[in-house]
Structures are given as C-alpha cells and as structure tokens.
Protein chains: 4
Amino acid sequence: MEIPENSSKASGGESGEGPAPRGRPRSEAARRAVLEAALELCQRDGYQELTMKGIADEAGVGRQTVYRWWPTKQDVLIEVLGELPHRTPDRLFPDTGSVRDDVEELLTYTFELTRGVTGRAVVGLMADAQGDAELSRRLQESVIGPRREVLRQILERGVRRGELTEGADASLDLAVDFAFGVMWYRLLSRHAPVDDELAAELAAALEKLLSGDGGAGDGAGAGARRHRQ
Amino acid sequence: MEIPENSSKASGGESGEGPAPRGRPRSEAARRAVLEAALELCQRDGYQELTMKGIADEAGVGRQTVYRWWPTKQDVLIEVLGELPHRTPDRLFPDTGSVRDDVEELLTYTFELTRGVTGRAVVGLMADAQGDAELSRRLQESVIGPRREVLRQILERGVRRGELTEGADASLDLAVDFAFGVMWYRLLSRHAPVDDELAAELAAALEKLLSGDGGAGDGAGAGARRHRQ
Amino acid sequence: MEIPENSSKASGGESGEGPAPRGRPRSEAARRAVLEAALELCQRDGYQELTMKGIADEAGVGRQTVYRWWPTKQDVLIEVLGELPHRTPDRLFPDTGSVRDDVEELLTYTFELTRGVTGRAVVGLMADAQGDAELSRRLQESVIGPRREVLRQILERGVRRGELTEGADASLDLAVDFAFGVMWYRLLSRHAPVDDELAAELAAALEKLLSGDGGAGDGAGAGARRHRQ
Amino acid sequence: MEIPENSSKASGGESGEGPAPRGRPRSEAARRAVLEAALELCQRDGYQELTMKGIADEAGVGRQTVYRWWPTKQDVLIEVLGELPHRTPDRLFPDTGSVRDDVEELLTYTFELTRGVTGRAVVGLMADAQGDAELSRRLQESVIGPRREVLRQILERGVRRGELTEGADASLDLAVDFAFGVMWYRLLSRHAPVDDELAAELAAALEKLLSGDGGAGDGAGAGARRHRQ
DNA sequence: TCCTAAGCGAGACGGTACGTCGTGTCTTCTG
DNA sequence: CAGAAGACACGACGTACCGTCTCGCTTAGGA
C-alpha cells in the first residue's frame with residue numbers, strides 16, 4: 001500500500017524545494033480511495049445523490065480528510081476526470097491519415113467514455129456550472145477545452161492537407177461545437193443514443209460541412225453574409 | 001396579485017359535472033403564486049438552490065399545499081415551462097417563405113428564452129433527468145420534443161419546396177440535433193455565447209448541410225453507409 | 001412550578017387565550033421521551049458523556065426536535081429536575097412536630113435522591129455553572145433555592161417554637177449551608193458516604209449549632225442518641 | 001523560552017539508576033509550558049472549554065508531547081495543582097496558639113486560592129470525579145485529603161489543649177466536612193460568596209460545635225464577637 | 001565519530017458530536 | 001375539504017476536537 005510519491009528530493013532538485021514539508025505527509029492511499037469512491041458512487045447513484053459524507057464513508061476515510069483536500073464534491077470529480085485520460089492516452093490522439101476516420105475514431109472513444117464511467121459525473125458538473133462561473137471556468141480548462149483541442153487539431157490537419165476547407169458558412173469552431181454539441185444534447189435529453197453510429201454520421205457531416213465547394217454556396221452564402229451585416 | 005380565489009364554476013353548475021367536486025375548491029391564487037415563486041427563485045439562485053421549502057415560503061403558501069399538487073420541484077418547473085410559450089405564441093412558428101430566415105428567426109427567439117427565464121431551469125431539469133427515465137420522458141414530451149418538432153417542420157417545408165435536400169450525409173434529425181446541440185453545449189460549457197450571431201451561423205450551416213449536391217458527396221456518403229452496416 | 005402543563009383553555013379561561021396556537025401542537029410524547037432519555041443516559045454514562053445526539057437517538061426523536069425546545073443539554077436536565085419533585089411531593093415537607101425529626105427526614109429523602117437519579121445530573125450542572133452566570137442563576141432558582149427554602153422553613157419553625165435559637169455564631173443560612181454543604185462535599189470527594197447516618201448526625205449537629213444556651217448537650221444529645229438506635 | 005533542559009540528576013548518579021535512560025531526555029521547558037498553559041486556559045475559559053488541543057497550541061507544543069506524559073486533561077491539572085502549594089508553604093500550616101485563629105487563617109488562605117487560580121480547575125475536576133472512581137481517588141489523595149488533614153490537625157491540637165471537645169453530636173470529621181462542605185457548596189451554587197467573612201463565621205461555628213458543654217460558650221462567644229468586628 | 005534511541009514540533013489520519021437546514025409526513029385550526 | 005402553520009423523524013451539511021499515526025529534526029548515551 002506504500003507508494004513512493006515522495007516529492008521531496010525527487011530527481012535531485014536541490015534548489016526550489018518550497019517551504020519544507022513538515023508533519024505527516026498526505027496519504028496517497030486515502031487520496032485514491034476518495035477519488036475512486038466518488039467515481040463509483042456517482043456512476044451508481046447519480047450526481048445529485050453524490051454526497052461528501054457518502055464519499056467519505058465509501059472510501060473508509062474521515063469526513064475531514066475529504067474536506068481538507070477538496071472543498072466540494074465538484075472538486076473531487078474534476079480531479080478524477082482529470083486523471084482518467086492518462087489511463088488510455090493512445091486512443092485520444094488518432095492519426096490514421098484520413099480526417100474522417102480520425103474524427104470517427106475520436107468520437108467513438110469519447111462517446112464510450114461518456115456512456116461509461118464519466119457520463120453522469122460530467123453532465124452533473126456541467127449542470128452545476130450553470131450559474132457558477134468559476135466551476136464553469138475550471139471545467140472548461142480541465143475537461144471541455146482539452147477535448148475540443150484534440151478535435152480541432154484533427155480538423156486543422158485536414159485543412160492543411162487539403163482534405164477540408166474552412167468555409168464562410170462554418171468555422172472550425174462551429175464544426176467542433178457541432179460534434180460535441182450533438183453529443184451533449186443527446187446525453188442530456190436522451191432523445192437518441194450516443195453511439196458508434198452517431199460517431200460515423202457526425203464524421204460524415206463534418207466532412208460535408210467543411211467541404212470546399214460549398215453546397216448551398218451561392219444564394220445561401222450570400223444570404224449568410226447578408227444576414228451577418 | 002389578488003385573485004378572487006374561486007373563479008371556476010364553484011357551486012353553480014350542477015349539471016354534468018362528473019364526480020361532483022366536494023369541499024373547498026383548489027385555490028388558483030396559490031397555484032400561480034407557487035409557479036411564479038419557483039421560476040423567480042430558480043432564476044435568481046439557480047436550480048440546485050431551488051427548494052420546496054423555499055418555494056412555499058416565497059409564495060406565502062403552506063408546504064403541504066405545494067406537495068399536494070406537485071410531488072417534486074421538477075414537477076413545479078415543468079408546469080411553469082409548459083405555460084410559458086402561451087405567452088408569446090406568435091414567434092414560435094415563423095413562416096417568412098425562406099427556410100434560412102425561418103430557422104434563424106426560430107433560433108433567435110429560442111436563444112433569447114434560454115438566456116433569460118428558462119435557462120437555468122431547463123439545464124437543471126436535464127441534468128436531473130440523467131438517471132431518471134420518467135423525468136427524462138416528461139421533459140422530452142413537454143419541453144424538448146415540441147421545440148424539435150417546430151424546427152423539424154420548418155426544415156421539412158424546405159425539403160418540400162426544394163430549398164433543401166435530406167441527403168445521405170445528414171438526416172433532418174441530425175440537423176435538428178446540430179442546431180439545438182450547439183445551443184446546449186454553449187449554454188453548459190460557456191466557451192462561446194448563445195446569441196443572434198450564432199443563430200445566423202447555424203441557419204447558414206444547416207442550409208449547407210442539407211444542400212442537395214453534397215460537397216463531400218460520393219466517398220463520404222458511401223463511407224457513412226459502409227460504417228453503418 | 002408549572003403543574004397544570006396545559007396552558008390552553010385550562011380551567012376554562014375563555015378570555016386571554018394568547019396569540020391563538022397555530023400549526024401542529026407540540027408532542028407531549030416526544031417531550032417526555034426526551035426528558036426521560038436524558039435522565040436515563042446521564043445516570044448511566046455520566047453528565048460529561050451526555051450528548052444532545054445521544055438524547056435524541058435514545059428518545060427516538062429527531063435532533064431538531066430537541067434543539068427546538070431545549071437549546072442545550074443543561075436545559076433538558078433542568079426541566080427534568082424541575083419535574084421530579086412532583087412525583088413524591090409528600091416527603092418534601094415533613095412536619096412531625098420535632099425539628100430534629102423533620103430535618104432528619106428531609107435530609108434522608110434528599111440524600112436518597114442525590115444518590116439515585118439526580119446526583120450526577122446536578123453535580124454536572126453545578127460544575128458547568130462555574131463561569132456561566134445565567135446557568136448558575138437558573139439552577140439557583142429551580143433546584144438549589146427551593147431545597148434551601150424547605151430546610152430553612154423547618155428551622156424557622158423550630159425557632160418560633162423555641163426549640164432552636166438563631167445565635168450570634170451561626171445564622172440560619174449558615175446552618176442550611178452546613179447541611180447541604182456536607183452533602184455536596186461528600187458527593188463530590190467521596191471520602192465518606194451520604195447516607196441515613198449522615199442525616200442523623202447532621203440533624204443533631206444542626207440542633208446543637210442552633211441551641212441558644214449552647215447546651216445542646218442534654219436533651220439534644222439524648223435525642224440524637226435515641227435517633228441513632 | 002530556553003531552559004537548561006536537564007535539571008535532574010542526569011549523568012551524575014550511576015548507582016541505582018535503573019534501566020539507564022537512553023534517547024533524548026524529556027524537555028523540562030515543554031513540561032512547564034504545558035502546565036502553565038493548562039492553568040491559564042482553565043482559568044480564562046473554564047474547565048469545560050479546556051482542551052488537549054488547546055493546551056498544546058497555547059504551550060507551543062506538539063499534541064503528542066502532551067498525550068505522551070498526561071493521558072487526559074485531568075492529569076495535567078492534577079499535576080499543576082500538586083505543584084502550586086509549594087509556592088507558598090508558609091500559610092498552609094498556621095499555628096497562632098488559638099484554635100479559632102488557626103482555623104480562620106487556614107480557611108482564609110484556602111478561600112483565596114479557590115477564588116483565584118485553582119477554583120475552576122478544582123471544581124471541574126470534582127465534577128468529573130463523579131462516576132470516575134479512579135479520578136476521585138487521585139483527587140482525594142492529592143488535593144482533598146491534604147487539606148482535610150491540615151484542618152484536622154489544627155482541631156486535634158485544640159482538643160489536646162482542651163480548647164475543644166469532640167462530642168457525641170459532632171465528630172472531628174464532621175467538623176472538617178462542615179468547613180470545606182460549606183466552601184464547596186458555595187463555590188458550586190454561588191448563592192453566597194466564599195470570603196474572609198465566611199472564614200470567620202465558620203471558625204466560630206466550629207468552635208461552638210466542638211464545645212464540650214455545648215456553650216456558644218462564654219469565651220468562645222465573646223471571641224466570635226471580637227473577631228467579627 | 002558514528003549508531004541507536006527517544007523526545008520534539010508538525011500535521012494528516014479515521015472518528016464522532018456539534019448546531020443548522022431541507023426533506024416529506026403529520027396534525028392542528030380556520031375558511 | 002383546501003389551505004396556513006408548524007411540529008415531527010430523518011439525514012447531509014461543514015466545523016471542531018478526539019486520540020493515533022507518521023514525518024524530519026534534535027539530543028542524548030554507547031559503540
């Protein structure tokens with residue numbers, strides 16, 4: 001149960017060690033137990049039912065220990081979510097040579113995650129972020145932003161290769177919004193599944209949306225431009 | 001805010017009343033007070049802070065009166081949301097002759113609503129609907145579904161007129177998901193505003209997505225179909 | 001000295017009813033359960049171990065219900081102690097015709113009580129009253145004072161009858177302090193028991209202390225000896 | 001805050017030292033800091049508010065250091081109380097030649113102490129001793145007993161000299177109980193002060209109680225009167 | 001001069017009681 | 001009967017102290 005963790009004198013840093021760590025060091029075992037308990041309970045009972053007391057009890061940890069390191073259950077979940085991707089970093093950055101396949105692969109993997117462990121947690125956090133700008137910012141930084149960035153880079157690579165064209169009708173940002181927007185919308189409203197088929201449909205739709213010749217081209221494009229003035 | 005209490009046919013109609021309502025009739029004043037208090041508080045303090053006790057106190061109503069008619073705060077909010085559209089029925093069904101303009105008008109109005117009174121309520125409800133199938137179904141029926149239907153009919157009208165084409169790459173349903181998905185995604189993650197400009201961009205993007213000649217046409221469509229098998 | 005308990009329409013008072021009692025009336029069952037639980041637990045585990053949570057749990061009552069009516073455990077105990085004498089009012093006011101016998105009877109009964117149910121409670125309260133003037137005042141009023149008063153009246157009756165003399169060396173107040181002082185001292189330090197024999201000794205000593213001529217020797221001494229047999 | 005640390009016979013005596021003390025010797029500075037902090041805090045905030053954590057923090061000492069040497073706060077206080085008398089040993093053993101004066105002097109000094117530093121501590125300890133036989137025994141041994149013994153010896157000296165008579169009505173033990181009983185009773189219930197006047201009254205009352213002939217006697221009574229002026 | 005041992009400040013740990021608040025149910029009186 | 005008032009049993013909240021446990025650092029005696 002003992003894991004090194006020892007930050008002090010790690011890698012020989014003899015300079016800016018900080019304020020010298022005194023007292024009993026933080027228990028990595030307790031930290032992990034809390035994070036896993038939170039994820040487990042959130043998945044089992046739902047975000048709303050998730051409770052600081054419940055987390056502490058499930059983790060076999062004192063309540064104070066939870067509050068000492070995470071002021072709210074949101075903080076616990078954000079830390080869990082921040083650590084999850086490290087478990088399978090490979091599937092997060094697909095590069096098959098085809099934009100469409102890369103997009104589809106990324107979305108397939110992302111959808112899997114949301115259907116599985118993280119779904120209820122992330123949806124609950126997002127809902128709480130309504131009316132809580134700070135939480136919103138942190139989610140943006142740790143969860144939403146990174147995922148957006150990955151998709152965006154795939155699309156930019158496609159533009160560079162000439163597979164895609166960032167047109168007047170749809171910026172890359174809007175394209176990213178498209179993919180994840182549909183995902184969130186369906187996760188929340190549940191009017192349709194978030195599955196592999198959706199990943200394929202979205203990959204195709206994005207390709208069309210960013211196709212150079214611009215289907216609705218003439219009138220439509222003019223209209224859009226007219227509207228925006 | 002004073003309402004005579006019993007506007008309904010109390011005492012009077014003894015004809016085909018049905019099961020004969022005995023005792024004191026339900027107070028319309030109390031009902032309205034509860035609904036308005038709920039909307040007000042949800043908007044002011046957020047969905048999570050909304051409380052049955054808070055609603056009752058704010059409405060100047062006994063707690064039992066709230067529980068008698070609405071088992072949960074979700075029920076209260078759903079009833080409020082169900083009544084709101086009746087206040088401005090005109091803007092909900094635009095018909096300018098141009099699909100793009102109709103879409104833009106509808107989205108502009110919808111975005112206004114979500115930025116205003118209903119935003120926090122609907123997001124909170126959606127989040128609660130995670131893991132509550134019944135609530136999910138009711139939301140689908142009373143809030144999500146109707147909005148989808150309006151947009152869908154506008155698009156179908158466009159297809160009938162020949163302005164749009166439901167292509168292999170993007171069904172009408174996916175197009176509807178696109179519009180509302182982006183809206184929800186931005187409402188939740190706040191990485192970009194939900195404003196009139198977005199309405200215009202989405203109208204243009206939808207037009208392109210549903211354009212007949214299909215930019216990425218061939219390979220893409222085939223790919224999508226291939227994937228679905 | 002509240003006995004009737006039932007303030008509402010007690011004894012037919014149809015005039016100044018007060019502010020009209022609204023809402024669910026207080027549960028007498030819960031009240032009694034709390035009082036008895038407190039007494040029970042205090043006796044079993046000691047005053048220090050007595051806990052608001054413990055009282056509530058033992059009484060099968062919500063914690064809030066305890067706090068609603070008694071801000072602290074001291075309040076609970078004071079109310080219990082205030083009600084106890086009513087159970088056996090007869091032995092509290094002995095009047096045998098002999099001062100010595102009255103004193104002995106009163107002390108015997110008082111010692112019984114302190115050895116039994118009330119001992120630990122009262123001692124704990126007294127200790128808490130150190131440094132809490134308000135608690136001190138209330139204890140004085142509801143517990144200490146009344147007991148002092150009973151003994152004082154017995155002694156005053158003796159003075160009126162000529163059996164005793166309030167002398168220059170010892171006021172009645174000091175005599176009362178004597179009796180109860182020895183009791184408390186032994187209860188606390190436990191160097192000697194607080195039993196019937198002590199009651200007899202104290203009755204004799206008080207008689208001597210308040211003998212006018214100082215010759216408690218003769219009759220009083222004989223009386224004491226007679227009693228001890 | 002630096003104190004030589006090792007006042008005790010360290011190093012010197014290698015004769016019957018026992019198991020030879022290894023490791024870092026106990027810090028006398030820490031010991032004193034704890035004792036003084038405990039006394040200070042108990043006097044300032046009261047016995048109930050006294051806390052092991054509070055003592056450690058106030059003393060600038062680790063919590064473990066307190067627990068290592070004193071299992072409970074009672075132990076800390078008992079050790080403090082055991083050291084206090086050594087500061088003024090002279091007034092503890094009055095011998096003026098007159099029993100009454102000796103008694104009055106002893107009580108006057110004792111009352112001073114209880115009004116001052118030790119009051120709240122001793123009362124709290126006594127209250128805790130209810131239901132804790134071991135604590136009771138230790139208090140008896142270290143605090144209560146010694147004080148009783150001093151008074152008892154004064155009274156015995158009086159009996160030897162013929163000033164007093166241990167009569168059938170009141171043993172010396174009861175007389176001692178009388179004096180300290182009244183003190184404790186007043187300390188706890190606060191119905192009257194514990195001051196010099198009480199010391200004089202008690203000295204007079206004891207004299208009368210232990211007068212052989214029962215006399216509020218001639219000389220004694222006169223003496224009492226003389227004293228009160 | 002190291003080695004072993006124990007005391008020390010610090011502070012994290014698993015617990016538990018605190019007093020408050022919201023839950024959903026109930027029980028009274030008034031309309 | 002509906003409604004308002006509010007008491008009820010329940011349980012989560014975040015805080016404080018409990019007594020124990022690890023840390024790194026003295027500070028001694030014995031090797």
Side-chain angles (χ1 to χ4, degrees), chain A residues 6 8 20-27 29-31 33 49-54 56-57 59-69 71-73, chain B residues 5-6 21-27 29-30 49-54 56-57 59-69 71-73, chain C residues 8 20-27 29-31 49-57 59-69 71-73, chain D residues 5-6 10-11 20-27 29-31 49 51-54 56-57 59-69 71-73:
Chain A
N6 224 346
S8 57
R22 300 220 290 175
R24 181 176 178 173
R26 178 173 179 182
S27 159
R31 180 177 158 276
E49 316 307 320
L50 188 61
T51 273
M52 289 295 258
K53 179 179 194 303
D57 290 352
V61 141
R63 214 123 54 89
Q64 188 66 39
T65 299
V66 184
Y67 283 109
R68 179 151 36 223
W69 303 110
T72 67
K73 67 177 179 180
Chain B
E5 290 286 316
N6 53 349
R22 301 224 303 160
R24 183 175 177 175
R26 177 175 180 183
S27 161
E49 316 308 319
L50 188 61
T51 275
M52 290 295 259
K53 180 180 193 301
D57 290 353
V61 140
R63 216 123 57 89
Q64 189 64 34
T65 300
V66 183
Y67 281 108
R68 178 146 38 220
W69 304 107
T72 67
K73 69 177 179 180
Chain C
S8 56
R22 299 219 292 170
R24 180 176 178 173
R26 177 174 181 182
S27 159
R31 181 179 156 275
E49 315 308 318
L50 188 62
T51 273
M52 289 295 259
K53 180 178 194 303
I55 294 174
D57 290 352
V61 141
R63 214 125 52 91
Q64 188 68 44
T65 299
V66 183
Y67 282 110
R68 178 150 37 224
W69 303 109
T72 67
K73 68 177 178 181
Chain D
E5 289 289 313
N6 52 349
S11 75
R22 303 227 301 163
R24 180 176 179 173
R26 177 175 181 182
S27 160
R31 181 178 157 275
E49 315 308 318
T51 276
M52 290 295 259
K53 180 181 192 302
D57 291 352
V61 140
R63 215 122 59 85
Q64 189 64 33
T65 300
V66 184
Y67 282 109
R68 179 150 35 222
W69 303 109
T72 68
K73 68 177 179 181

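Lettering of chains follows the sequences in order, A, B, ..., and the numbering in each one begins at 1. Below, each value reflects all heavy atoms present in this structure, side chains not excepted, and no hydrogens, waters or symmetry copies.
Annotation: cation-pi geometry satisfied between C:Arg26 and C:Trp69 (NZ/CZ under 6.0 angstrom from ring centroid, within 45° of ring axis).
A:Ser27 has no side-chain polar atom (N or O) that falls below the 4.0 Å cut-off from OP1 or OP2 of F:dT22. Here A:Thr65 reaches the OP1 or OP2 of E:dG14: one of its side-chain N or O atoms lies under 4.0 Å away. C:Thr51 has no side-chain polar atom (N or O) that falls below the 4.0 Å cut-off from OP1 or OP2 of E:dA17. Residue A:Arg24 places no side-chain N or O under 4.0 Å from the OP1 or OP2 atom of E:dA12.
Side-chain atoms of A:Trp69 lie closest to E:dC13 of the nucleotides E:dC13, F:dA28, F:dC13. Closest contact between the side chain of C:Ala30 and the listed nucleotides F:dA9, E:dG24, F:dC23 involves F:dA9. You'll find that the side chain of D:Arg68 is closest to E:dC8, out of F:dT15, E:dC8, F:dA12. You'll find that the side chain of B:Arg63 is closest to E:dT23, out of E:dG19, E:dT23, E:dG15.
Remark: P of E:dT16 and CD of C:Glu49 are 14 Å apart, rounded to the nearest angstrom. Remark: P of E:dC8 and CZ of D:Arg26 are 7 Å apart, rounded to the nearest angstrom. For the pair D:Tyr67 OH and E:dA10 C1', the computed distance is 15 Å after rounding to whole Å. Look at CZ on D:Arg31: it is 21 Å from P on E:dA6, rounded to the nearest Å. We find that CG of D:Asp57 is positioned 11 Å from C1' of E:dA10, with the value rounded to whole Å. C:Lys53 places its NZ atom 15 Å from the P atom of F:dA9, with the value rounded to the nearest Å.
Both C:Gly23 and A:Val61 sit near DNA chain E, but only A:Val61 has its closest nucleotide nearer the 5' end. Both D:Pro71 and B:Gly62 lie close to DNA chain F; mapped to their nearest nucleotides by heavy-atom distance, the more 5′-ward contact belongs to B:Gly62. Nearest-nucleotide assignment on DNA chain F puts the 5′-proximal partner with C:Gln64, out of A:Met52 and C:Gln64.
Taking all atoms of both residues into account, the shortest heavy-atom contact from D:Ala30 to D:Ser27 is N-OG, 3.0 Å. In this structure, C:Lys73 and C:Ile55 approach most closely via the heavy-atom pair CB-CD1, 4.5 Å.
Rotation axes derived from the C1' atoms of the five outermost pairs at either end of the helix from E:dT1-F:dA31 to E:dG31-F:dC1 lie 10° apart, to the nearest 10°.
Contact of the D:Met52 side chain with the D:Arg63 side chain is not registered, since no non-hydrogen atoms from C-beta on lie closer than 4.5 Å.
Nucleic acid contact for C:Gly60: sugar-phosphate only, since backbone atoms but no base atoms lie under 4.0 Å from a heavy atom of the residue.
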